[in-house]
Structures are given as structure tokens and as C-alpha cells.
Amino acid sequence: MSSIRIKAKERKGEVDVKCLMKHDMETGLRKDKSGKKIPEHWIQDVTAESNGKVVFSCAFNTSISKDPYLAFAFSGKKGDTLKISWKDNTGATDSAETQIK
Amino acid sequence: MKHGLKSLALVALLGSSAAFAGGHGKSAAALIEEATAGYKQVSKETSYQWTVTVKTIKEAQKALDGGNEAEAKKLAQQALDLVEATRQQAQVESQNWKMRVPK
Amino acid sequence: MKKIIRNVAFGLVGLSVSAASVAGPEEDRQAFRKFYENRFPQVQPIGDFQNGVYSILPQAREQWEAIEEFPPYELAIEEGEKIFNKTFANGKSLKDCFGEDGAVREQYPHWNKERGMVMTMELAINECLEANGEKPLKYKKGAMAAVSAYMSYNSRGQSINVEIPSDDPRALAAYEDGKEHFYTKRGQLNFACADCHMHTSGMNYRSETVSPAFGHATNWPVYRAKWQEMGTLHRRFAGCHNNIRANPFKAQGEEYRNLEYFISYMSNGLEFNGPAARK
Amino acid sequence: MDRRSVLKVAGVVSAAATALVAMPRLAMAAYTEKAFKAKGGADALQNAYGANATTPSDQVKLKAPDIAENGAVVPVEVETDMQAESIAILIDGNPSPLALTADIPAGTKGLVKTRCRMGKTTNVTAVVKSGGKLYTASKEVKVTIGGCGG
């Protein structure tokens with residue numbers, strides 16, 4: 001299952017998007033039980049596409065909270081697809097797609 | 001007034017680690033043993049246990065293992081005080097809790 | 001010195017009323033509720049106490065509402081749903097114990113007469129697992145908190161309606177045990193649950209405003225920012241005990257089950273609204 | 001809005017060119033080490049946008065709490081009615097202040113909401129790039145150490 005949860009609702013031609021991404025967002029400053037530093041591990045880039053067109057994109061630092069939350073809005077309509085994907089500093093990626101309600 | 005005074009006595013005891021001064025002249029090892037036994041005893045007789053007591057006993061043991069008899073004695077004595085304060089708390093609170101119930 | 005004076009003062013107040021006859025649970029509950037109604041008249045409607053400290057702190061409430069827009073516990077609800085629907089080795093599942101959607105929150109905690117003990121939802125979940133040859137879950141977090149979150153979510157809107165059956169004196173004894181626990185000072189810091197969450201509720205300990213105990217039982221499990229994960233009510237009990245430097249009791253042991261029985265009874269009539277986000 | 005802090009950021013960078021170089025519009029916001037690992041807000045903006053002269057503007061709306069409930073999860077919201085090209089969030093007191101940059105293509109609202117980590121009491125600055133210029137709004141968010149660790 002994707003690590004990304006999307007809620008996308010259209011109202012008066014505007015699509016409100018809320019999205020939660022399951023990710024530890026390790027800052028590189030935390031230590032584990034044995035006192036060893038946990039290496040930084042975080043989502044760097046997030047891209048949102050609707051019907052194949054980029055409608056929003058952003059870049060994160062490690063100062064974004066664990067399980068990052070992101071909300072934005074764009075012009076669109078019900079039934080359009082919305083795909084959100086992320087890439088972290090290890091090169092790992094994930095994506096999820098939903099239909100706008 | 002009796003409850004009030006008891007409560008006062010307990011708080012005074014909690015506030016001062018030197019309030020209970022038993023075990024002078026004993027070795028650190030003996031004091032640690034006494035504190036451990038006392039802790040277990042209070043835990044058995046009441047549901048009261050303080051996290052700091054175990055910690056202090058451990059620190060005393062560590063000091064003793066490190067060859068610091070004086071420090072170990074001091075810490076073991078502190079642990080004994082904590083055990084005694086726990087015992088007192090359990091005793092006083094077995095009645096005093098009723099005062100906090102709203103009517 | 002201040003502490004001593006306060007303590008003595010508590011003592012005197014206590015004495016002046018201790019001559020009153022021993023009240024039953026229902027009188028206790030009314031006095032308890034009245035205490036919070038008088039202390040926080042701004043909390044309207046009274047059901048808002050289910051939101052804990054946010055019912056009395058508007059500034060914190062705004063942040064909490066921003067978190068609730070897409071709360072991190074939603075991930076736990078999904079995880080819980082999977083566990084809930086998972087087929088056991090014997091072909092059954094948690095559904096066989098708790099129904100299709102597990103919306104049984106209002107049935108817990110309750111007095112189990114046959115066994116002479118308080119049953120909680122988390123205990124019932126593990127007993128269901130074990131009765132079907134599955135491994136029990138750890139009580140404080142992880143999978144247990146997730147299943148509990150899923151079942152609580154499906155039970156939202158149900159009301160707390162804890163009963164203390166009068167035909168079994170052991171039920172009253174369990175209630176009284178939880179009550180004594182709530183009002184008893186413990187730990188090196190010498191605090192009772194009631195000291196913080198009743199008599200100084202709404203006041204600050206360092207930067208922290210203490211939440212009212214009325215409504216404490218409604219919203220579990222929670223995603224706590226401090227933990228950065230989910231945790232159950234008994235995990236929070238243990239955390240509080242650690243804070244006052246008292247040894248915590250075992251999660252789902254008799255002490256905490258009786259305490260849950262008492263504080264749930266005190267919040268009778270409020271809605272279950274778990275899971276929730278907390279700081 | 002805390003005007004002083006904005007001026008400070010602007011002051012630090014007054015040596016930088018005030019005339020903005022017309023930058024080719026990036027198709028997408030993308031993480032860059034230079035911007036996100038920069039130790040100061042001005043450097044971060046310089047590296048992210050090729051400019052760091054900023055103007056405080058009440059058309060940049062920043063929503064952040066006065067006192068953070070928990071420094072690990074501080075809700076921050078930036079909104080503007082200006083034609084925004086990009087939005088950034090700076091947490092001035094963090095070791096590397098730039099927390100987020102968002103690219104706002106035509107048809108997308110000048111809005112971003114997220115949750116940030118803050119190590120200590122400091123200013124949060126919202127930056128909106130519009131018409132090639134950087135507009136800001138700042139606010140101090142207090143981060144306290146709680147009394148109940150649990």
C-alpha cells in the first residue's frame with residue numbers, strides 16, 4: 001500500500017488537496033538506544049499532477065515533521081485524476097493516485 | 001488537625017533527605033543491602049514504589065564497585081531515606097486521599 | 001514551604017467535609033462533574049470536555065484543529081482495519097468477537113461478574129486473539145493501539161455508560177479502588193492524579209497546562225506529538241506515574257483497569273471520540 | 001507580523017544585488033543542497049531564488065501559533081492573493097532555516113499548509129515570490145519545554 005494518503009475535493013472550481021505521507025523524516029540529529037546517530041532520511045521532493053499536468057511541487061528540508069502533511073489548492077474539476085509522488089534522499093520513491101471528488 | 005499534621009510531617013520528610021538518619025557506622029555494602037530489602041518490603045506491603053529509589057540504589061552499587069566507599073555510603077543512605085519516605089507516604093495516604101474527593 | 005502550607009490547607013478542607021456520610025458512585029459522579037462545571041464554566045456545551053485540554057485552551061485548540069485536518073492517527077486506523085479483518089490460522093478473525101466493524105467501544109470498560117474483574121477493550125482484544133490461538137499484542141502501542149484506534153473510530157458518537165452493578169459488591173470495590181488511586185498521592189513528587197487534573201487543572205506546571213480529568217477517558221488511543229506515535233490510555237497512565245517518579249503499574253493490570261473503570265464512570269454521558277491527536 | 005526581523009534578514013543581505021536578475025522560471029520546485037543546507041535565511045533565499053532582497057508585505061498571510069504546542073509538529077500556513085510563482089517557509093532559528101519551497105504554477109492557488117519542526121523559540125518567515133520579487137511576513141513562535149514528559 002502506498003505511503004501517501006490523499007483527500008481531494010472540488011468546490012466551485014477549486015480543488016482542495018490534503019495529503020499525508022508516511023515517512024520517518026529522520027533529521028540526522030537523533031540517536032538510537034545505543035547512542036548511535038540515526039542517519040538523515042527524509043522526503044526531498046513532492047510533485048502533484050492532475051491529468052498528467054504538474055499542479056504543485058515542493059521541496060522539503062528535514063525540518064518538516066514526521067509523516068509530512070501538505071495542503072494546497074488548484075483549479076480543477078470532479079473526476080479528474082490527481083497523482084502525488086515523493087522522492088527521498090536515498091532515492092526511494094512512492095506515489096498514489098486518486099480521483100477528485 | 002491530626003491529618004493535617006501528619007501531612008505536614010510527611011512533606012517535611014520528603015523535603016529533606018537527611019530526615020531519616022539510621023545505619024551510621026555500617027559499611028556501604030550493608031547499607032545497600034538494607035535499602036534493597038527495605039524497598040522490596042515496602043513494595044510488598046503497599047503499592048508504593050518510587051522510581052528514584054531503585055536508581056539511587058543502583059548508583060550506590062556503582063560507586064561501591066568503583067571503590068568509592070564514602071560516596072556509596074552516602075547514596076545508600078539516601079536510598080534508605082527514600083524507602084522510609086515511601087513507607088510514610090503509603091501510611092499517610094491510606095487516609096488522606098479522602099480529603100481530595102469533591103463533595 | 002508553599003507546598004507544606006497547601007498540604008495542610010487541603011487537610012483542613014478535607015476534615016471539614018469528612019464528617020459527611022460516604023457517598024455512592026452516583027453522588028461521586030455528580031460532585032465530580034459539578035466540580036468541573038464550576039471550574040470551567042466557559043466549556044459549552046459540556047460535551048466539549050471530551051477534547052481534553054483543548055476544551056479550555058483556545059490558542060492550543062487552533063493548532064490541534066489544524067492537526068485534526070489530516071490527523072496522523074488516520075494511518076493507524078488503516079493499519080488497525082487490516083489487523084481487524086485479518087483471518088486467523090483457524091479461519092476466524094476479530095470480527096467473530098467484535099462484529100463486522102468492531103464498533104463496541106461503548107461496551108467497555110465493564111464489570112465482568114463471572115470473573116470478578118473489570119474488562120477493558122484492549123484486554124478483550126487480546127483475549128479474543130488468544131482464544132483463537134493467535135499471539136497477544138503488546139498493550140501500550142503499535143498493533144494494539146492501531147486495532148483500538150480502528151474500533152474506537154467506528155464507535156465514535158457512542159456514549160460512555162459505565163455501570164457499577166449493585167448486585168456484586170466486588171464491582172463497587174473495584175470502583176472504590178480506582179477512586180482511591182485517583183485521589184492518592186504517589187511518587188517522590190507526592191502528586192495524586194487529582195492534584196494535577198482536578199485541583200490545579202487549567203493551571204500550569206512549567207509551560208504545560210494540565211487537562212481536566214472530566215473527559216479523560218473518551219478519546220483513546222491517541223497520536224501524541226511527544227511520542228510521535230500512537231499510544232493507549234494505559235501507556236499514558238504509566239507516563240504520568242513516571243513523571244511523578246512513581247513506579248508505573250502494568251498495562252492492563254488490576255490497578256490500571258480499576259482506574260480506567262473509575263475515570264470512565266466519572267465521564268459517563270460524554271461521547272467516545274477516539275482516536276485523537278494530542279501534544 | 002514582526003517587521004524588525006524581516007528588516008534584519010533584509011539588512012544582512014543588503015550587500016547583495018538589489019536588482020533582480022531575470023531567472024528562467026523553473027518548471028518545478030526541486031531540492032537543492034545549496035539552498036536547504038544554507039546556515040542562514042539570506043543565503044538560503046539567495047541559493048533558492050538567486051536573490052535575497054525581501055519586502056515585508058501584508059499581502060503575505062502567515063498563520064503559525066504564538067506558542068507551539070509541541071516543537072515537533074508546528075502547523076504553518078502561508079497564503080497570498082498575489083500572483084505567486086513560489087512560496088517558501090523559513091524557520092530562522094533552525095540550523096538550516098529553509099524548511100520548504102513550493103512552486104505555484106498558473107491555476108494553482110497561492111497557498112501551502114504543512115507542519116514544521118522547531119528547535120527553539122524563533123521567527124518563522126513566509127516568503128512569496130511574485131513578479132520576480134520576494135515578499136515576506138514573519139512571526140515569532142515560542143517553543144517551550146513541556147512539564148509533562150510522559
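Around the CZ atom of C:Phe237, the shell of radius 6.0 Å holds more than 12 heavy atoms that belong to other residues, nucleotides or ligands. In the displayed structure, C:Glu254 atom CD is contacted under 6.0 Å by at most 12 heavy atoms of other residues, nucleotides or ligands. Other residues, nucleotides and ligands contribute only 12 or fewer heavy atoms inside 6.0 Å of the CD atom of C:Glu100.
Closest of all the heavy-atom pairs between A:Tyr69 and C:Glu69 is OH-OE1, 2.6 Å. Of all non-hydrogen atoms in A:Arg5 and C:Phe70, the two that sit nearest each other are CB-CZ, 3.5 Å.
Annotation: the span from C:Leu75 atom CG to A:Leu20 atom CG amounts to 5.0 Å, rounded to 0.5 Å.
A donor-acceptor contact shorter than 3.5 Å links the side chain of A:Lys66 to the backbone of C:Gln228.
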- Item | Pair C:Glu74-A:Lys7, salt bridge (charged side-chain N to carboxylate O under 4.0 Å, His left out): steps then yes or no | CA-CA 12 Å; C:Glu74 286 200 12; A:Lys7 293 176 186 174; 2.9 Å; yes

